[in-house]
Amino acid sequence: METKFYRGVWVTKKSLTGFFESFIDKQPIFTDKKVLQSNYTPDFVSHRDEQVSQIGKIIGPALRKERPSNIFIYGKTGTGKTLTATYTTQQLNDVAKEKNIPIQILYLNCKLKKIADTEYRLIAQLTRELGREIPATGLPTDEIYKIFFQIIEEQGKIIIIILDEVDQLIKKAGDEILYNLTRINSELKKSQISIIGISNDLVFADNLDPRIKSSLSEEEIVFPPYNALQIQSILKERSKKAFKEGVLQPGVIEKCAAYAAREHGDARRALELLRVAGEVAERNNEEKVMIEHIDQAEEKIERDRVLDIVMTQPKQHQATLYSIIKTKEINKKIFTGEAYEFYKSLCNRISLRPLTQRRISDIVAEFDMLGIINASIISKGRYGRTREIELAVPDHNIRKITEILEEGLELS
DNA sequence: AGGTATTCACATGAAACTATTCTCTGAGTTAGG
DNA sequence: TAACTCAGAGAATAGTTTCATGTGAATACCTGT
């Protein structure tokens, strides 16, 4: 019998056959799980009527071949921004297609690494969506702009570009892109573009160049968080399709909703929670989803998230985290300098080229952002200023993390 | 005692550097006519 | 002569290093009582 440690899980080859067989006669809990996945677009959007009609009114003129105003959409995560935007534009697109009006919708998520997170890549990706292959690298940026410009002009359409999570893009690549994009219109003869920017960050536009801000947010729409009742109704709607009838115990939906409402009305999280709760129940061979499963799901989501982050971290980052954990074992409170000392000796041990403290400082800050550690800057007066680092992971997960790190760093 | 000035140990910022991946171009090479 | 190969120049990008500057409060140092 063979057992090995694979991607943070112990895998055994024993009795796999029987294991798979049990799947066949198991009563399924789900009828259609993808309804609960975050990329699912339902047939209609609930509790967002007002926003839908606002957007509709703004982009409607596109049907008369007029350029719609640029729209800026704000709202926290899981408030249905992306969904509403794609839904309305999709409707518009359907009508346009029927009446043969040349409109094209481009949706782009600026957060996606390697796809649309820099100026070059954004334009390149847009051009690709318009049906022209662009190499990933090697060309000057203005060359890409030229091609982009040319292909838009060729198409002679009204093009609506949805930029999801623009704040991420601006943070990484600066606001010139938006400026260039809005400016292009004045040079276009046959086509026009209009931009729908979506942002999670409510204050993000404030530190934007005023020119860009005014041209980008000709119209602004704010998405308020859902309240608990709205989330409940969304969950009910979706679960009707996703689960077999009667599998959900009473109170399950209410609890999911309550949990999500606690976190500023994040519907996405509520849906994920419900889905994972279902998976947990399924895995436990139970026929009903019970309230306890939600707690388990909550824990599992968090645990998976952390383990996944740790596992996919590059070596230097892993070494840093390992140093933090190990230094932590000795002292209760640790500071950047102490972790760095350990890190240096660790590098020596595993023959890894040590990075400067400057860099480690940034890596520590990154882990803080990811929520793996809590690092707060404190001043120890005469004895300097530093980050005080604490682990933000429950104790029972640390052992697992250490294991993964030792695996990744080839320590034994 | 009360008020300033110092000082520590990093944090934070900006710019420059390195390595990798990829395109484009033009010189040199090859093979067929 | 057309097709092909291949090296070199130039770009974009991620990850770092180098250099420079910033910073909060515990202490050291004054001051006048």
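Every chain is numbered from 1 and lettered A, B, ... according to where its sequence line falls, protein lines coming before strand lines. Remember, predicted model here, so these are calculated numbers, not experimental data. All values below were derived from every heavy atom in this structure, side-chain atoms included, with hydrogens, water molecules and symmetry-related copies excluded.
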Would [X] count as a cation-pi partner of [Y], with NZ or CZ less than 6.0 Å from the six-membered ring centre and within 45° of the ring normal?
X        : Y        : result
A/Lys146 : A/Phe149 : no
A/Arg48  : A/Tyr226 : yes
A/Arg387 : A/Phe335 : no

Heavy atoms of other groups near [X] [atom1], more than 12 under 6.0 Å:
X        : atom1 : answer
A/Glu299 : CD    : no
A/Glu50  : CD    : no
A/Arg268 : CZ    : no

Please tell me which of the listed nucleotides, [options], lies nearest to the side chain of [X]?
X        : options                : result
A/Thr137 : C/dA12, C/dG24, B/dT23 : C/dA12
A/Arg121 : C/dT16, C/dT13, B/dC10 : C/dT13
A/Pro140 : C/dA12, B/dT23, C/dA14 : C/dA12
A/Arg385 : B/dA9, C/dT17, C/dA14  : B/dA9

Is a side-chain donor-acceptor pair under 3.5 Å present for [Y] with [X]?
X        : Y        : value
A/Glu129 : A/Tyr107 : no
A/Asn180 : A/Glu119 : yes
A/Gln316 : A/Tyr343 : yes

Using OP1 and OP2 only, check whether a side-chain N or O of [X] sits under 4.0 Å from [N].
X        : N      : value
A/Arg359 : C/dT16 : yes
A/Arg387 : B/dA11 : yes
A/Ser361 : B/dA11 : yes
A/Thr118 : C/dT13 : yes
A/Thr141 : C/dA11 : no
A/Arg353 : C/dG15 : no
A/Arg382 : C/dT23 : no
A/Thr356 : C/dT17 : yes

Handout entry: A/Ala365 vs A/Gly384, nearer the 5' end of DNA chain B by closest nucleotide
Key =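 The answer here is A/Gly384.
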Can you tell me the distance, in whole Å, between the [atom1] atom of [X] and the [atom2] atom of [N]?
X        : N      : atom1 : atom2 : value
A/Leu355 : C/dA14 : CG    : P     : 18 Å
A/Lys114 : B/dT20 : NZ    : P     : 14 Å
A/Lys113 : C/dA14 : NZ    : P     : 8 Å
A/Ile147 : B/dT23 : CD1   : C1'   : 11 Å
A/Glu133 : B/dC22 : CD    : P     : 14 Å
A/Tyr120 : C/dG10 : OH    : P     : 17 Å
A/Lys146 : B/dT23 : NZ    : P     : 19 Å
A/Glu119 : C/dA14 : CD    : P     : 13 Å

Practice task
Report yes or no: is there a donor-acceptor pair, N or O only, under 3.5 Å between the side chain of A/Arg358 and the base of B/dG13?
Solution key: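 A donor-acceptor contact between them is present.
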Practice task
Answer whether the closest heavy-atom distance between the side chains of A/Leu108 and A/Ile161 falls below 4.5 Å.
Solution key: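 SC-SC contact between A/Leu108 and A/Ile161 ruled out.
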Problem - Check: A/Thr320 side chain, A/Ile360 main-chain N or O, donor-acceptor pair, under 3.5 Å - result: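 No, A/Thr320 side chain to A/Ile360 backbone: no donor-acceptor pair under 3.5 Å.
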Practice task
Remember a base hit wins even if backbone is also touched, and classify A/Gln357 as base, sugar-phosphate or nothing at under 4.0 Å, heavy atoms.
Solution key: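 Contact class for A/Gln357: sugar-phosphate only.
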Practice task
Indicate, with a heavy-atom threshold strictly under 4.0 Å, whether A/Lys172 touches base, sugar-phosphate, or nothing.
Solution key: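 Result for A/Lys172 = sugar-phosphate.
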Exercise for the section: Taking only heavy atoms on the protein side, list every residue of residues 368-381 of chain A lying under 4.0 Å from any atom of DNA chain B, sorted numerically. Expected result: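 Those residues are A/Ile377, A/Gly381.
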Distances under 3.5 Å only, N/O to N/O: pair up the protein atoms with those of nucleotides 2-5 of chain B.
none

